[in-house]
Engineer: 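Below you'll find the structure I mean.
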Amino acid sequence: SQTIHQWPATLVQPVGSPLSLECTVEGTSNPNLYWYRQAAGRGLQLLFYSVGIGQISSEVPQNLSASRPQDRQFILSSKKLLLSDSGFYLCAWSGDYQRAGELFFGEGSRLTVL
Amino acid sequence: GENVEQHPSTLSVQEGDSAVIKCTYSDSASNYFPWYKQELGKRPQLIIDIRSNVGEKKDQRIAVTLNKTAKHFSLHITETQPEDSAVYFCAASRDNTGKLIFGQGTTLQVKP
């Protein structure tokens, strides 16, 4: 069966510091991968999605970037964090065929920028 | 751009009562409508979904209805239990990918 993991689970970073969140998927090949952000008390907003290695699409302009160096690895990065980057970051993969569009989320990474 | 509005933002019911959460969407090309449940500090998990070729779907105590003409869909939970307490999100997408537009969420509290 498919599993998805992301880390770290929590981190507290100073403004201006770099960021790297990592996500890996197991049990499936060539998955569509996504990074969503959830601000406190809000819904989820799509940040990036990827349909394959090296293929990244950004949904909103921001201080973040994403990379997909391997088929089942998705990384969210920033060179210099802003206060507004605080939030709960969720990696996800989506099903296909009969389960097209279903999102399966990782455990989430809670980022606090001070 | 595309938008999904969700109401109410908070809902409190007595155990055993029914709960209804409503969403409207703006993109008439949307064809997939999932509902996610998120417990405090946890990841959202899919509880039920509906595609645009059906008007209603039921899974035990949970049902979803879709009105494409009016561009709204609803989640119905019957015989609510304390473990149903969580934040519920509706979402919509148009191209069978995981690119979902989420509603703002409804915090459901079921009182014993």
Side-chain angles (χ1 to χ4, degrees), chain A residues 2-7 9-10 21 23 25 28 30-52 55-61 66 74 87-112, chain B residues 1-10 21 23-27 29-54 57 59 64 66 73 86-108:
Chain A
Q2 300 89 351
T3 58
I4 179 169
H5 300 286
Q6 64 177 105
W7 66 93
T10 60
L21 302 179
C23 170
V25 180
T28 184
N30 196 32
N32 288 348
L33 297 174
Y34 308 82
W35 279 109
Y36 280 83
R37 176 170 62 198
Q38 184 175 28
R42 302 289 298 278
L44 288 80
Q45 181 185 35
L46 177 62
L47 302 177
F48 300 96
Y49 73 96
S50 172
V51 298
Q55 301 179 63
I56 309 294
S57 295
S58 174
E59 290 296 296
V60 293
F74 205 24
F88 191 45
Y89 289 82
L90 290 152
C91 180
W93 69 277
S94 64
D96 54 15
Y97 303 110
Q98 290 185 336
R99 303 188 74 175
E102 287 187 39
L103 274 182
F104 302 91
F105 289 98
E107 304 94 330
S109 298
R110 189 166 302 281
L111 169 66
T112 302
Chain B
E2 296 86 354
N3 189 45
V4 175
E5 294 288 336
Q6 181 172 347
H7 299 281
S9 58
T10 60
I21 302 171
C23 290
T24 59
Y25 59 97
S26 61
D27 185 359
S30 295
N31 57 12
Y32 175 62
F33 308 91
W35 287 87
Y36 286 83
K37 176 183 180 182
Q38 185 179 30
E39 297 178 353
L40 189 62
K42 301 292 183 62
R43 74 184 93 182
Q45 294 194 302
L46 180 72
I47 56 171
I48 196 168
D49 58 10
I50 192 167
R51 299 186 189 270
S52 59
N53 57 344
V54 298
K57 184 177 179 180
D59 182 4
V64 58
L66 171 65
F73 55 113
V87 180
Y88 291 81
F89 292 97
C90 63
S93 74
R94 67 185 310 195
D95 54 6
N96 283 331
T97 69
K99 294 164 58 181
L100 301 180
I101 306 297
F102 281 85
Q104 301 91 330
T106 296
T107 300
L108 173 64

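Computed from a prediction, not measured in an experiment: that's the story for all the values here. Proteins come first, then strands; the chains are lettered A, B, ... in the order of their sequence lines, and each starts at number 1. Worth knowing before you read on, the calculation uses all heavy atoms, side chains too, and leaves out hydrogens, waters and symmetry mates.
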Engineer: In terms of heavy-atom pairs under 4.5 Å, which option from Gln6(B), Lys99(B), Gln45(B) contacts chain A the most?
Structural biologist: Lys99(B)

Engineer: Using a heavy-atom cutoff of under 4.5 Å, enumerate the residues of residues 32-40 of chain B that contact chain A, numbered in order, or state 'none'.
Structural biologist: Tyr32(B), Tyr36(B), Gln38(B)

Engineer: With respect to chain B, which residue among Val51(A), Leu33(A), Leu46(A), Leu44(A) yields the maximal number of heavy-atom pairs within a distance under 4.5 Å?
Structural biologist: Leu44(A)

Engineer: Does any backbone or side-chain atom of Lys42(B) lie under 4.5 Å from a heavy atom of chain A? Answer side chain, backbone, both or neither.
Structural biologist: backbone

Engineer: Distance from Leu100(B) atom CG to Gln45(A) atom CD, nearest 0.5 Å?
Structural biologist: 13.0 Å

Engineer: Provide the closest heavy-atom pair for Gln38(A) versus Phe89(B) in the form atom of the first, atom of the second, distance.
Structural biologist: NE2-CZ, 3.2 Å

Engineer: Do the ring planes of Phe102(B) and Tyr36(A) sit parallel (below 30°), tilted (30 to 60°) or perpendicular (above 60°)?
Structural biologist: perpendicular

Engineer: So which atom in Leu90(A) and which in Pro44(B) form the shortest heavy-atom distance, rounded to 0.1 Å?
Structural biologist: CD1-CD, 3.8 Å

Engineer: Would you say the side chain of Tyr49(A) lies within less than 4.5 Å of the side chain of Thr97(B), judging by non-hydrogen atoms?
Structural biologist: no

Engineer: Suppose we screen for ring pair (Phe, Tyr, Trp, His ring centres under 6.0 Å). Which residues come up paired with Phe104(A), at least two apart in sequence or across chains?
Structural biologist: Trp93(A)

